[in-house]
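Read the structure below first, then the notes.
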Amino acid sequence: MLKSSWVDKEGRKASLRSDGLAVYDQDTSVDTSREKKPGRPTVDRDIRNQIIDIAEMYFAERGYALTSTREIAAQAGVRQSMISYYFKSKRSLFEAVIKNRGQAISVQRMRNLETLLKKYDGQPPVANVIRAYLLPLFSLLHSGPRGIAFVRLLARLHNEPEELSFRLRREVYDDSVKHYLDVLEILLPNVSPADIHWRMMFLIGICLYALSGLGRLEDLSDGRYTDDNIDEMVARLSTFLVHGMQASSTPGW
């Protein structure tokens with residue numbers, strides 16, 4: 001299996017200065033567990049979180065189909081029946097893994113957007129809006145092995161069963177993305193709404209490729225350039241995306 005360069009290489013410079021915008025913060029991860037009942041022991045939640053942590057690594061490395069709950073249970077040090085107890089099925093466990101970090105990313109994107117709208121009286125620069133969208137996700141690249149594993153999991157999500165991956169993307173990300181689209185339509189009155197929507201779709205695709213960590217920059221440049229510096233990646237990516245988003249409407253459409 002092709003390993004991600006984000007995993008193989010160490011010592012990457014990664015500060016991602018946020019300029020008042022939120023980067024990924026594990027403390028804001030959404031707890032998607034069943035409703036907690038009075039007296040529900042803390043150890044119960046700890047076991048559930050331990051299973052999610054291990055499952056995240058397995059799903060990122062092997063994908064949904066090749067990951068077994070038996071292996072996850074063994075690595076987590078629990079009986080396989082405990083996964084059924086907490087999550088009912090492998091599919092429900094996969095959903096919990098995606099939502100655990102994905103919903104936190106969406107929340108932080110919305111906070112970033114609200115911060116910008118207040119700071120600029122509803123008219124923030126497009127460059128700031130794009131950066132506000134990118135930061136919560138790209139900051140995962142320096143949040144530790146689990147953060148990197150989740151990035152890899154997102155990059156391969158489109159290869160998972162369609163009925164599962166499409167629904168998860170809609171449930172976890174669509175609300176925040178639509179808010180960004182609404183703001184971009186206001187900020188870019190001379191660009192057709194259709195182009196703005198197409199370009200947001202392109203933006204999402206480019207981000208997923210950039211986060212795949214395939215190391216193609218070093219290959220294509222014969223070693224002259226590398227993608228080791230996450231700050232540089234976000235800066236160059238932002239420049240490209242901002243110019244693309246602000247370009248004139250597509251002729252004939």
Side-chain angles (χ1 to χ4, degrees), residues 1-18 21 23-24 56-67 94 97-98 101-102 105 108-109 126-127 129-162 164-166 168-169 172-173 177 180 195-247 250:
M1 180 179 294
L2 182 64
K3 280 189 171 292
S4 166
S5 64
W6 296 111
V7 175
D8 294 340
K9 297 179 182 179
E10 297 180 358
R12 297 176 181 278
K13 179 182 177 183
S15 65
L16 286 180
R17 293 171 295 276
S18 62
L21 301 177
V23 296
Y24 184 83
E56 186 173 53
M57 304 296 284
Y58 270 90
F59 285 132
E61 180 66 26
R62 301 183 181 181
Y64 178 79
L66 297 181
T67 296
F94 184 79
V97 168
I98 296 295
R101 290 182 189 269
I105 290 171
Q108 288 169 319
R109 282 174 172 165
V126 172
V129 173
I130 298 298
R131 182 172 173 79
Y133 182 86
L134 297 179
L135 276 175
L137 181 57
F138 276 82
S139 62
L140 278 170
L141 290 173
H142 64 96
S143 65
R146 283 189 55 220
I148 293 173
F150 186 77
V151 166
R152 296 177 67 196
L153 181 54
L154 284 186
R156 68 184 302 162
L157 185 59
H158 65 283
N159 290 325
E160 303 298 353
E162 290 185 3
L164 177 60
S165 60
F166 286 180
L168 279 173
R169 282 196 291 263
V172 176
Y173 299 111
V177 172
Y180 273 80
D195 268 311
I196 292 173
H197 280 72
W198 274 95
R199 291 167 188 178
M200 178 58 80
M201 183 180 68
F202 297 151
L203 181 155
I204 293 170
I206 291 169
C207 288
L208 291 177
Y209 181 82
L211 288 167
S212 68
L214 296 178
R216 290 289 289 152
L217 178 62
E218 189 169 357
D219 293 340
L220 293 173
S221 65
D222 295 325
R224 287 184 297 166
Y225 313 111
T226 69
D227 59 3
D228 289 355
N229 188 318
I230 301 171
D231 283 306
E232 180 181 6
M233 176 188 285
V234 172
R236 293 186 183 278
L237 179 60
S238 296
T239 298
F240 176 78
L241 294 173
V242 168
H243 281 80
M245 190 65 72
Q246 296 182 122
T250 303

Do the side chains of [Y] and [X] get nearer than 4.5 Å, heavy atoms only?
X	Y	result
I148	L140	no
Y225	E218	no
L157	L208	no

Closest contact, heavy atoms only, [X] versus [Y]:
X	Y	value
A149	A60	O-CB, 3.1 Å
I206	L241	CD1-CD2, 4.0 Å
C207	L134	SG-CD2, 3.3 Å
Y173	G102	OH-CA, 3.5 Å
I230	L141	CD1-CB, 3.4 Å

[atom1]/[X] to [atom2]/[Y] distance, rounded to the nearest 0.5 angstrom?
X	Y	atom1	atom2	answer
E61	R152	CD	CZ	5.0 Å
R109	L135	CZ	CG	10.0 Å
L203	I130	CG	CD1	5.5 Å
D227	L237	CG	CG	12.0 Å
R131	T239	CZ	OG1	10.5 Å
I204	L137	CD1	CG	10.5 Å

#### Entry: For R169, salt bridge (charged side-chain N to carboxylate O under 4.0 Å, His left out) partners two or more places apart
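Salt bridge (charged side-chain N to carboxylate O under 4.0 Å, His left out) check on R169 returns nothing, list empty.
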
### Task
Look only at the side chain of R199 and the backbone of A247, and say whether a donor-acceptor pair between them is shorter than 3.5 Å.
yes

### Query
Just by modelled atom types, is the Y58 backbone N or O under 3.5 Å from a matching donor or acceptor in the T67 side chain?
yes

#### Entry: Residues E56, R101: salt bridge by 4.0 Å N-O rule
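Judged by the 4.0 Å cut-off on N to carboxylate O distance, E56 and R101 do form a salt bridge.
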
### Task
For Y64, enumerate each residue passing the ring pair (Phe, Tyr, Trp, His ring centres under 6.0 Å) test, keeping only those at least two apart in sequence or located in another chain.
F94

